[in-house]
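All heavy atoms count here, side chains included; hydrogens, waters and symmetry mates do not.
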Amino acid sequence: MNSYDGAFIGEVLVRNESRSQRGWTVRMTFPGAHLVTAWIEGAPQGRISRSGDTWTFTSGVDLTPGASVPLRFHFDQTRATRPTTCTVDGAGCSGLR
């Protein structure tokens with residue numbers, strides 16, 4: 001979404017394409033990056049955890065069928081604005097820019 005001076009603000013749009021309510025998990029790997037903050041825009045906040053260079057974001061509330069929610073994050077001290085890996089519920093992220 002925006003990058004400047006070794007930092008950036010990015011977004012993963014999470015969409016529920018199933019026929020039932022469900023939670024979600026996003027995992028991204030950013031080597032050497034420092035997470036400043038993360039938030040779910042317009043929805044209850046979820047949980048954030050870290051293991052090494054991998055960040056895990058989990059939903060704060062289940063998404064209804066067809067609903068979507070933007071997960072936004074601010075990283076600094078990073079060498080890239082794209083993660084080396086990104087998954088949503090274990091499936092690869094699509095549309096990375």
Side-chain angles (χ1 to χ4, degrees):
M1 294 178 61
N2 193 5
S3 62
Y4 52 93
D5 298 327
F8 72 95
I9 296 172
E11 174 182 288
V12 172
L13 182 63
V14 179
R15 185 180 344 244
N16 181 359
E17 295 181 352
S18 74
R19 295 182 186 193
S20 60
Q21 282 190 293
R22 59 183 294 185
W24 50 266
T25 300
V26 173
R27 284 190 179 84
M28 294 183 292
T29 303
F30 286 100
H34 168 73
L35 180 68
V36 176
T37 190
W39 65 100
I40 301 166
E41 191 71 30
Q45 300 306 297
R47 293 182 309 275
I48 302 169
S49 62
R50 178 182 181 190
S51 177
D53 289 332
T54 300
W55 299 87
T56 301
F57 306 89
T58 55
S59 58
V61 66
D62 290 352
L63 284 176
T64 58
S68 61
V69 65
L71 165 65
R72 295 187 177 154
F73 39 86
H74 177 183
F75 280 98
D76 70 4
Q77 302 173 1
T78 183
R79 295 178 292 277
T81 58
R82 291 176 52 143
T84 55
T85 62
C86 177
T87 63
V88 177
D89 293 335
C93 295
S94 63
L96 288 177
R97 295 182 250 193

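- Between Gly23 and Ser59, the shortest heavy-atom distance links the atoms CA-OG, 3.3 Å.
- Here the CD atom belonging to Glu11 is positioned 9.0 Å from the CH2 atom belonging to Trp39, to the nearest 0.5 angstrom.
- Counting non-hydrogen atoms of other residues, nucleotides and ligands closer than 6.0 Å to CZ of Arg47 gives a total of 12 or fewer.
- Across every non-hydrogen atom of Asp76 and Ala7, the tightest pair is CB-CB, 3.6 Å.
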### Task
In sequence, state the C-alpha distance, the side-chain angles, and the governing distance for Phe30 and Thr85, and then conclude on side-chain contact (heavy atoms from CB on, under 4.5 Å).
CA-CA 8 Å; Phe30 286 100; Thr85 62; over 6 Å; no

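- Considering only heavy atoms from C-beta on, Phe57 stays 4.5 Å or farther from Arg27 through its side chain.
- For the atom pair CZ (Arg50) and OG1 (Thr56), the distance works out to 11.5 Å, reported to the nearest 0.5 Å.
- Between Ala33 and Trp55, the shortest heavy-atom distance links the atoms O-CZ2, 4.3 Å.
- Distance CZ/Phe73 to CD1/Ile48: 11.0 Å, rounded to 0.5 Å.
- Heavy-atom minimum distance, Asn16 versus Ser18: OD1-OG, 2.6 Å.
- Residues satisfying the side-chain hydrogen bond (donor to acceptor under 3.5 Å, both in side chains) criterion with Arg22, sequence neighbours excluded, are Asp89.
- The shortest distance between side-chain heavy atoms of Val14 and Val26 falls below 4.5 Å.
- Rounding to the nearest 0.5 angstrom, the gap separating the CG atom in Asp53 from the CE atom in Met28 is 12.5 Å.
- The side-chain hydrogen bond (donor to acceptor under 3.5 Å, both in side chains) check on Thr84 picks up nothing, with sequence neighbours excluded.
- Scanning both residues, Val69 and Glu41, for their nearest heavy atoms gives CG2-O, 3.6 Å.
- Between Leu13 and Pro70, the closest side-chain pair of non-hydrogen atoms falls below 4.5 Å.
- One distance of note links OG1 of Thr37 with CZ of Arg72; it measures 12.5 Å at 0.5 Å rounding.
- Of all heavy-atom pairs between Ile40 and Gly60, the closest is CD1-N, 4.2 Å.
- Applying the side-chain hydrogen bond (donor to acceptor under 3.5 Å, both in side chains) test to Glu17 and every residue at least two apart in sequence or in another chain returns nothing.
- The closest side-chain donor-acceptor pair between Thr25 and Thr58, if any, does not fall under 3.5 angstrom.
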